[in-house]
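Keep in mind that the numbers below use all heavy atoms, side chains included, and drop hydrogens, waters and symmetry copies.
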Amino acid sequence: MDGMNPPYRVNELTPDPRVSFDPKVSRDYVKYAHWLAARGLVNSSVGGMVIRVPHPDYEQGVCYAKPQGISLEEVEVEDLVITDIPYGRILAGDRATTVGHQMNREILRLRPDVNCVIHLHHDETIAFLAAGYEEIRSFSLTYGFLMQKPAFYLPASINVEEDVAPIKTFIQDTNCIIMRRHGFTVLGRTLSEAYHRTCVLVSEVKRNIIVEQLCAVNGRTPETVTDAELAKMFTYGDKVMYPEVVKRS
């Protein structure tokens, strides 16, 4: 976060009696975390997720997160903590968050339209880019409508979990950060949207691998969705996929 000498330290315990766990939000957090694990996406038992919830006493809302030492596949309602967004202090619960929570909070701070961030160390994404491919191409009619913005690719030398400063230079123009040698981070206006964007991303990665294998065997050239087609799909995403989100916003 920008600024020097913040009034609170990250993970400082500052219990606020005005902040309490919403049972539905807590249940939804655990449900979607376990869904991600059930899909085989929580590799190396790591990864993270945050959900922003409005609060009358916190201008940017508060966010639900899992603490250190518990993976998304193991997390339960009683494990969760609630932090503020600007400083990362603990408002409810009593355990420290992970280093990746600082990245998630910075995304929420800079993107008021985003209310959920999912970060995963996805095996196939890491392997595909490590094999020398520069980007994940689109072969489907769902990716563009769901993602709605182009992915942003970070070089392996930049770790925005440890240093969040670079995030402000690109976060307005993407809903998906591809982190070479690391994994990816997906943004959504709702928990459901972030989850389905994650699912369509990993499906597109799988399609890339399958298409490359088939074309190598058959001597064919991959047929991708063009940049112009993808840009049009980004524009029409809400009308095709998320009319209810638009109606509520």
Q. Would Ile177 and Ile107 satisfy side chain to side chain contact (heavy atoms under 4.5 Å, CB included), going step by step from the backbone distance to the final call?
A. CA-CA 11 Å; Ile177 309 168; Ile107 292 171; 4.1 Å; yes
(Q) Using the rule given for side chain to side chain contact (heavy atoms under 4.5 Å, CB included), can you reason through Glu76 versus Tyr29, listing the C-alpha separation, both sets of side-chain angles and the distance that settles it, and then say yes or no? (A) CA-CA 9 Å; Glu76 298 294 346; Tyr29 187 108; over 6 Å; no
Point-to-point distance, once rounded to the nearest 0.5 Å, from [atom1] of [X] to [atom2] of [Y]:
X      : Y      : atom1 : atom2 : value
Glu161 : His119 : CD    : NE2   : 4.0 Å
Asp227 : Ser138 : CG    : OG    : 10.0 Å
His196 : Leu146 : NE2   : CG    : 8.5 Å
Arg181 : Ile126 : CZ    : CD1   : 9.5 Å
Glu193 : Thr198 : CD    : OG1   : 10.5 Å
Arg197 : Ile118 : CZ    : CD1   : 10.5 Å

Look only at the side chain of [X] and the backbone of [Y], and say whether a donor-acceptor pair between them is shorter than 3.5 Å.
X      : Y      : result
Arg95  : Gln68  : yes
Arg52  : Arg109 : no
His34  : Val75  : yes
Thr125 : His121 : no
Thr224 : Thr226 : no
Tyr143 : Gln148 : no
Asp163 : Val160 : no
Gln102 : Glu162 : no

State, to 0.1 Å, how close [X] and [Y] come at their nearest heavy-atom pair, and which atoms those are.
X      : Y      : result
Asp84  : Gly88  : OD1-N, 2.7 Å
Gly47  : Lys66  : O-CE, 2.9 Å
Tyr153 : Arg180 : CD2-NH2, 3.8 Å
Tyr87  : Pro7   : CE2-CD, 3.5 Å
Ala65  : Val50  : CB-CG1, 4.0 Å
Pro67  : Asp79  : CD-O, 3.2 Å

Q.
For Glu204 and Phe139: C-alpha separation, side-chain torsions, deciding distance, then whether side chain to side chain contact (heavy atoms under 4.5 Å, CB included) applies.
A. CA-CA 7 Å; Glu204 206 67 64; Phe139 295 103; 3.7 Å; yes
**Q.** Option passing side-chain contact (heavy atoms from CB on, under 4.5 Å) with Leu120 (candidates Val46, Leu72, Asn43, Thr185)
**A.**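 Passing option: Leu72.
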Q: Report the residue from Val205, Val186, Thr142 that forms a side-chain contact (heavy atoms from CB on, under 4.5 Å) with Val200.
A: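 Among Val205, Val186, Thr142, the one that satisfies the side-chain contact (heavy atoms from CB on, under 4.5 Å) with Val200 is Thr142.
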Is it possible for you to say whether [X] and [Y] belong to one hydrophobic cluster, with membership spreading through side-chain heavy-atom contacts below 4.5 Å?
X      : Y      : value
Ile70  : Leu36  : yes
Val117 : Val99  : no
Val164 : Ile158 : yes
Tyr133 : Val225 : yes
Trp35  : Leu191 : yes

Are side-chain N/O atoms of [X] and [Y] paired as donor and acceptor at under 3.5 Å?
X      : Y      : answer
Gln60  : His55  : no
Asn11  : Thr97  : yes
Arg111 : Asn175 : yes

What I'd like to find out is whether the side chain of [X] reaches to under 4.5 Å of the side chain of [Y], using heavy atoms alone.
X      : Y      : value
Cys63  : His101 : yes
Glu212 : Pro222 : yes
Ile171 : Leu187 : yes
Leu201 : Ile136 : yes
Asn208 : Phe128 : yes
Val62  : Leu91  : yes
Met49  : Cys116 : yes
Val202 : Leu41  : yes

Within a reach of under 6.0 Å around [atom1] of [X], are more than 12 heavy atoms found that belong to other residues, nucleotides or ligands?
X      : atom1 : answer
Arg39  : CZ    : no
Glu12  : CD    : yes
Phe170 : CZ    : yes
Gln172 : CD    : yes

Q) With a cut-off of under 6.0 Å to the ring centre and 45° to the axis, is Arg89 in cation-pi contact with Tyr8? A)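 Checked: cation-pi criterion met.
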Q. Less than 4.0 Å between a side-chain N and a carboxylate O, is that true for Asp238 and Arg189?
A.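 Between Asp238 and Arg189 there is a salt bridge, with a charged N closer than 4.0 Å to a carboxylate O.
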Q. Are Glu229 and Lys232 close enough, and set up right, to give a salt bridge (Lys or Arg N to Asp or Glu O under 4.0 Å), and what steps lead you there?
A. CA-CA 5 Å; Glu229 291 170 333; Lys232 188 172 183 179; over 6 Å; no
Q.
Using salt bridge (Lys or Arg N to Asp or Glu O under 4.0 Å), reason through Lys24 and Asp22 one step at a time and then give a plain yes or no.
A. CA-CA 6 Å; Lys24 183 180 186 308; Asp22 181 317; over 6 Å; no
Q: For this output row, return yes or no: ring centroids of Phe184 and His122 closer than 6.0 angstrom.
A: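 Between Phe184 and His122, the centre distance is under 6.0 Å.
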Q) According to the interplanar angle, ranging from 0 to 90°, do the rings of Tyr195 and Tyr32 count as parallel (below 30°), tilted (30 to 60°) or perpendicular (above 60°)? A)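 Because their plane-to-plane angle is over 60°, the rings of Tyr195 and Tyr32 count as perpendicular.
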Q: Report the relative orientation of the aromatic rings in Tyr64 and Phe21; use parallel for angles under 30°, tilted for 30 to 60°, perpendicular for over 60°.
A: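 Ring orientation, 0 to 90° scale: perpendicular.
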Q: Check step by step if side chain to side chain contact (heavy atoms under 4.5 Å, CB included) holds for Thr14 and Ile90.
A: CA-CA 6 Å; Thr14 58; Ile90 308 297; 5.7 Å; no
